[in-house]
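Reviewing the structure listed below.
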Amino acid sequence: MPKEEKSELTVTRPDRTSDRPNDERYDVQRVESKWSARWQQDASRYAAERDSAKKKYYVLEMLPYPSGALHMGHVRNYSIGDALARYTWMNGYNVLHPMGWDSFGLPAENAAISANTPPREWTLGNIANMKAQMKRLGFAYDWSREVTTCLPDYYRWNQWFFLKLYERGLAYRKKSKVNWCPKCCTVLANEQVLPNGCCWRHEDTPVEQRELEQWFLRITNYTEELLRDLDKLNGWPEKVRTMQRNWIGRSEGTLVDFKLGYGPDHHGFGPAGSTITVFTTRVDTIFGATSIQLAPEHPMVKDLTASNPDLRSKVGQLIAEQRKASEAGDIGEIEKHGVPTGRFAINPFNNEKIPIWIANYILMDYGTGAIMSVPAHDERDYEFAKKYNLEIRLVILPISNDPEETMTEPPVPFTAHDGMLINSGPYSGMSCAAAIKKMSEYAEQKGIGKATVTYRLKDWGISRQRYWGTPIPMLYCEKDGIVPVPEKDLPVILPENVEITLTGGSPLSRVPEFVNVSCPKCGGPARRETDTMDTFIDSSWYFYRYTDAHNDRAPFDGEIANYWFPIDQYIGGVEHAILHLIYSRFWTKFMRDLGMIANDEPVERLFTQGMVIKDGAKMSKSLGNVVSPDEMVARYGADAARLYSLFAAPPDRDLDWQDSGIEGIHRFLGRVYRFFVRHAMRRGSSPHKSDVTQLSPEARAIQRKLHQTIKRVSDDFQGRWHFNTCISAIMELVNTLYAAEEIIEANDVPAPLMLEVQRNLVLLLAPFAPYLAHELWEMLGENSDLLRTPWPKYDAELAKEEEIEIPIQVNGKLRSLIVVPASADEQFVLERALADEKVKAAIAGKQIVKKIYVPGKMVNLVVK
RNA sequence: GCCGGGAUGGCGAAAUUGGCAGACGCAGCGGACUUAAAAUCCGCAGGGGCCAAAAGCCCUGUGGGGGUUCGAUUCCCCCUCCCGGCACCA
């Protein structure tokens, strides 16, 4: 890898470098570069074991996009994962902790245009740089399993999967809309469309929608399972599960067919397709339907407007409005309006003729693109009906415990579900729930509809009219039509030296030697698909590849994957809560159905860390509040940057970066180092007291604090992951040691205890500050590998306090504190409490009504 | 609008979720060391009041208002604001 020398960041404070090992000042750069060099010589240091008898643990951080340099969000993400990996190693597990690069994508093409660097070169250069940064930060990755998604040995398997999907009918082609900039003459990704709906390069040119043939994956075959299995993901944040549920957007309802009918204008029955199917979640309100509303893009609209140019142009306006609004992201804000078609439809429940309108608030891509409008029981329908004076007919009354209230008219629109039907023929008097059931059954019996479920989740469109992605392995033959590339011909290599411009469609279509091939079926001329795959495909299965990263006969070996999967702990930003995490769940289910793996879900436990912000805002170049990891490492060292990113806030919350905060951490590390320089050698001197069981109270206090600290840090790793409090606990331990320095120097602390304290302090620091921990470990004369040294165990007896302070409250207010032996019983504590002068004063002249004693916690005396 | 998550000193936060509010760190103040500074070490520190000052004592305080309780940052009800997701979803 080029640019490797970057990992040795130069020391910025040469005045402080020193060769004197006994210098009390911690020379961060000297120590960190020493260990960094040693670790890099030992390539297998962090390798997962094969055929291990140990329990496996797969800890994974989301792989980065190689944008050029790590940012603090990465540092935070990887510091969490690395601490966990190291802790898990120390607990004797066989740990898989890999890293890779999500390296296809648009920025590489932009760089190619603006910096005239080929995407591959740009990307690989960035990877080298970021890898060096990661190494300098001391992250313990098994680089022998590195996955780089833009290289053929990875993306060939994307193509292989695509063929499998195609074979099973899960990949298909259909016309679909894309964003099109008329000035660039090209397709834009969604993120290239500005919030105002204009092109990012032509800020006053509105983006248009064009229809193109595109490839889709049938993720909707798995909708129900994706939804249902969310209930099994107990190790996931509730927030993420909720977001996925909303994204899938399951909605139960009823389809009802309305036949087109004669209207007063005697136009006769409508054209081909003489029924309009509406989707409603409230079929119980159907007797209150007073119009049908169609989406402007509903297929029937074309026929309805065929003989009416005036109407057609109005519909054109509605469509334009809707698009504009949806591109601007404020559909929902636009004012509702519509046009009557002059046609009528027949309500199959009461044979009533109701007018058909076309309205801008109906979306073609949800439900059937047609609704029955019930103004009395729907907010939007109500607003629309008010505007156009459509009839508002009440058919549901609220149910109340007070029988008289039931008869009063509710304010319209009345949208609640807990009601009773009126004016609804045979259904009058039923509850809404009962009516929905009965009416759906009736519709099905009569063949005019049925109960159904619709989803917000749509099939996954994966075609991108871009260069820097996986070529879709498909051919178009004049004679045989769509022909998949035979498996033996994979990979379809992405050609290099392709001219990249942002104009004129897919860059690959301008490479004749790529496009023109002969058909594998008939040998005749054929054209290659020139679109590439969505990069979310790359990240949908990359974590399986880590388990068997060099397999050249399959994406990975199923048995090996079954050993490692599911991932025990996955850590990343919440911004991937929906797309990446749904796609990869889908991919896992598909691979299971192919028989490749046994697990239904890829990730057992998920952790989403908060953002790193500064001055209350997300770090961004435009705000000028970006903190560079390189600079932090150069100034304070990798340990400090890592420790601070864990200390400043609990990991699931946003972290407000403060430069002065990392200085404090830097001081702390120096403080620890100094203590060891002063006292590490003391273990050799012969102590005048070596019996640990006969400790002075001061020595006993140190011992107690040590065991309390081990408990606190261990508990947090097992439980809630509040590393900020773990680190506080370690700081407290260090403070305790400094406070006891005099008695330590007086040799009042037995050497074995001193050694125990120092060894364990190093072990506790090891997951968070590996550089310092290794240096101190060596300073203690230890030669075992710190990474595999067993995590310390605490002794509950030794952690126990012998004396405790009990607060004494009088009527809930703190009046005094008494110190009692930890073993004191209620009677003893109460006696002591009542004998206390301050307590006596507080209760003087009053009568004690109640004495409350919470064992070991507090006393409250209630007086009158 | 719906669904999540928040709101605690000057700042980042803690209180392992009914039991001493503010651990730990930053910034601040005071002291020691130093010719001096840096570095380091020790101490003080929510706000207000009594007091010349200190010790000490008192009141008050976890976004706002109610409630439950001997006791509420924590539980219940109502409200405000901030962050995130979804959204004319029928």
Side-chain angles (χ1 to χ4, degrees), chain A residues 16 24-25 237-247 249-251 253 278-282 293 295 322 325 329-336 359-363 365-374 378-381 383-384 454-456 574-575 577-578 610-611 613 616 644 647-650 652-665 667-668 670-671 674 711-712 715-716 719-720 722 724-732 734-735 738-739 741 805-814 816-817 838 841 849-854 856-863:
Chain A
R16 292 190 189 166
E24 291 191 359
R25 183 172 285 158
E238 192 51 47
K239 174 186 173 134
V240 173
R241 296 201 280 173
T242 306
M243 281 164 77
Q244 292 210 354
R245 275 189 201 103
N246 291 342
W247 187 258
R250 184 178 200 274
S251 175
V278 304
F279 173 73
T280 176
T281 55
R282 293 296 304 272
Q293 303 287 344
Q322 257 189 353
D330 62 353
I331 200 157
E333 305 298 313
I334 57 174
E335 201 191 326
K336 288 178 191 40
N360 67 347
Y361 72 99
I362 308 303
L363 307 173
D365 54 11
Y366 185 79
T368 59
I371 65 150
M372 62 177 201
S373 175
V374 186
D378 182 278
E379 298 275 357
R380 294 149 300 171
D381 295 346
E383 195 186 327
F384 192 86
T454 56
Y455 301 91
R456 213 191 76 96
V574 75
E575 66 272 19
I578 297 175
M611 278 192 310
I613 58 176
Y644 179 66
F647 174 71
D652 53 343
R653 274 217 245 164
D654 284 355
L655 184 160
D656 197 343
W657 188 275
Q658 296 186 342
D659 286 336
S660 57
I662 189 170
E663 273 186 58
I665 289 293
R667 271 202 285 272
F668 165 70
R671 201 165 143 85
R674 200 173 307 114
K711 177 171 166 36
R712 281 179 67 181
D715 285 355
D716 246 320
R720 48 180 205 162
H722 280 194
N724 54 330
T725 58
C726 292
I727 294 163
S728 300
I730 299 172
M731 287 174 171
E732 283 183 45
V734 172
N735 290 347
Y738 269 92
E741 222 181 351
E805 267 194 335
I806 302 277
I808 314 298
Q809 297 180 349
V810 176
N811 284 347
K813 285 189 178 168
L814 180 69
S816 186
L817 283 170
K838 286 179 199 164
V849 216
K850 207 170 174 185
K851 296 175 200 164
I852 294 147
Y853 174 62
V854 183
K857 292 272 173 141
M858 50 82 63
V859 170
N860 190 11
L861 302 169
V862 186
V863 298

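Just so it is clear: chains get the letters A, B, ... in the order the sequence lines come, proteins before strands, and each one is counted from 1.
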Checklist outcome for this item: Assigned chi class of G9(B) under the 90° convention is syn
Checklist entry - Please give, in whole Å, the distance from C89(B) P to Glu379(A) CD? => result 10 Å
Checklist entry - Looking across every strand, which nucleic acid part, if any, lies under 4.0 Å from Glu663(A) by heavy atom: base, sugar-phosphate, or nothing? => result nothing
Next on the checklist: Does Arg653(A) reach a base, just sugar-phosphate, or nothing at all? Heavy atoms under 4.0 Å.
Outcome noted: sugar-phosphate
Checklist outcome for this item: When rounded to whole Å, the CD1 to P distance for the pair Ile371(A) and A90(B) reads 11 Å
Checklist outcome for this item: Per nearest nucleotide of RNA chain B, the residue lying toward the 5' end, Gly661(A) or Thr281(A), is Gly661(A)
Next on the checklist: Any side-chain N or O of Asn724(A) below 4.0 angstrom from OP1/OP2 of G12(B)?
Outcome noted: no
Item to check | Summary of protein contacts for nucleotides 41-47 of chain B, nucleotide by nucleotide, where a base hit scores B, a sugar-phosphate-only hit scores S (4.0 Å, heavy atoms) | outcome: SS-----
Next on the checklist: OP1 or OP2 of U16(B) versus the side-chain N and O atoms of Thr725(A): is any pair under 4.0 Å?
Outcome noted: no
Item to check | Nearest-Å distance for atom pair CZ/C1', residues Phe647(A) and A23(B) | outcome: 10 Å
Checklist outcome for this item: Separation of G19(B) atom P from Leu817(A) atom CG, nearest Å, is 17 Å
Checklist entry - Looking only at side-chain N and O atoms, does Lys813(A) come under 4.0 Å of OP1 or OP2 in C58(B)? => result no
Checklist outcome for this item: Comparing His722(A) with Met611(A), nearest RNA chain B nucleotide closer to 5' gives the residue His722(A)
Checklist entry - Which part of the nucleic acid does Ile727(A) contact within heavy-atom distance under 4.0 Å: base, sugar-phosphate only, or nothing? => result nothing
Item to check | Whole angstrom value for the distance that separates P of C11(B) from CG of Asp654(A) | outcome: 18 Å
Next on the checklist: Just to be sure I understand the rule, does Gly664(A) reach a base, reach only the sugar-phosphate, or reach nothing, if contact means heavy atoms closer than 4.0 Å?
Outcome noted: sugar-phosphate
Checklist entry - Which part of the nucleic acid does Pro650(A) contact within heavy-atom distance under 4.0 Å: base, sugar-phosphate only, or nothing? => result sugar-phosphate
Checklist entry - In terms of ring plane angle, is the pair Tyr361(A) and Phe384(A) parallel, tilted or perpendicular, where the classes change at 30° and 60°? => result tilted
Checklist outcome for this item: Residues at least two apart in sequence or cross-chain that pass salt bridge (Lys or Arg N to Asp or Glu O under 4.0 Å) with Asp654(A), listed by chain then number, are none
Next on the checklist: So, taking the atom named CZ in Arg653(A) and the one named NE2 in His722(A), what distance separates them when rounded to the nearest 0.5 Å?
Outcome noted: 7.5 Å
Next on the checklist: Need one value for Lys711(A): base, sugar-phosphate or nothing, where a base atom within 4.0 Å counts as base even if backbone is also close, heavy atoms only.
Outcome noted: nothing
Checklist entry - Base, sugar-phosphate, or nothing for Ile806(A), non-hydrogen atoms under 4.0 angstrom? => result nothing
Checklist entry - Between the main-chain N or O of Arg674(A) and the side-chain N or O of Glu24(A), is there a donor-acceptor pair closer than 3.5 Å? => result no
Checklist entry - Salt bridge between Glu383(A) and Arg380(A), side-chain N to carboxylate O under 4.0 Å? => result no
Next on the checklist: Would you compute the distance between atom CG of Asn860(A) and atom CG of Leu814(A) and round it to the nearest 0.5 angstrom?
Outcome noted: 10.5 Å
Next on the checklist: Suppose we call a contact any N or O donor and acceptor under 3.5 Å apart; does that hold for the side chain of Lys336(A) and the base of C88(B)?
Outcome noted: yes
Checklist entry - Can you tell me if Arg456(A) uses its side chain to pair, donor with acceptor, with the backbone of Trp247(A) under 3.5 Å? => result yes
Checklist entry - For Asp652(A), which contact category applies under a 4.0 Å heavy-atom criterion: base, sugar-phosphate, or nothing? => result nothing
Checklist entry - Reading RNA chain B 5' to 3', what string of ( ), [ ], | and . shows its pairs, if Watson-Crick and G-U wobble pairs count only when both distances fall under 3.5 Å? => result (((((((..(((......[....))).(((((.......))))).(((((.....)))))..(((((..]....))))))))))))....
Checklist entry - Counting just side-chain N and O atoms, does Arg720(A) come under 4.0 Å of either OP1 or OP2 of A15(B)? => result yes
Next on the checklist: Need one value for Met731(A): base, sugar-phosphate or nothing, where a base atom within 4.0 Å counts as base even if backbone is also close, heavy atoms only.
Outcome noted: sugar-phosphate
Checklist entry - Has the side chain of Asn246(A) got a donor or acceptor atom sitting under 3.5 Å from an opposite partner on the base of C86(B)? => result no
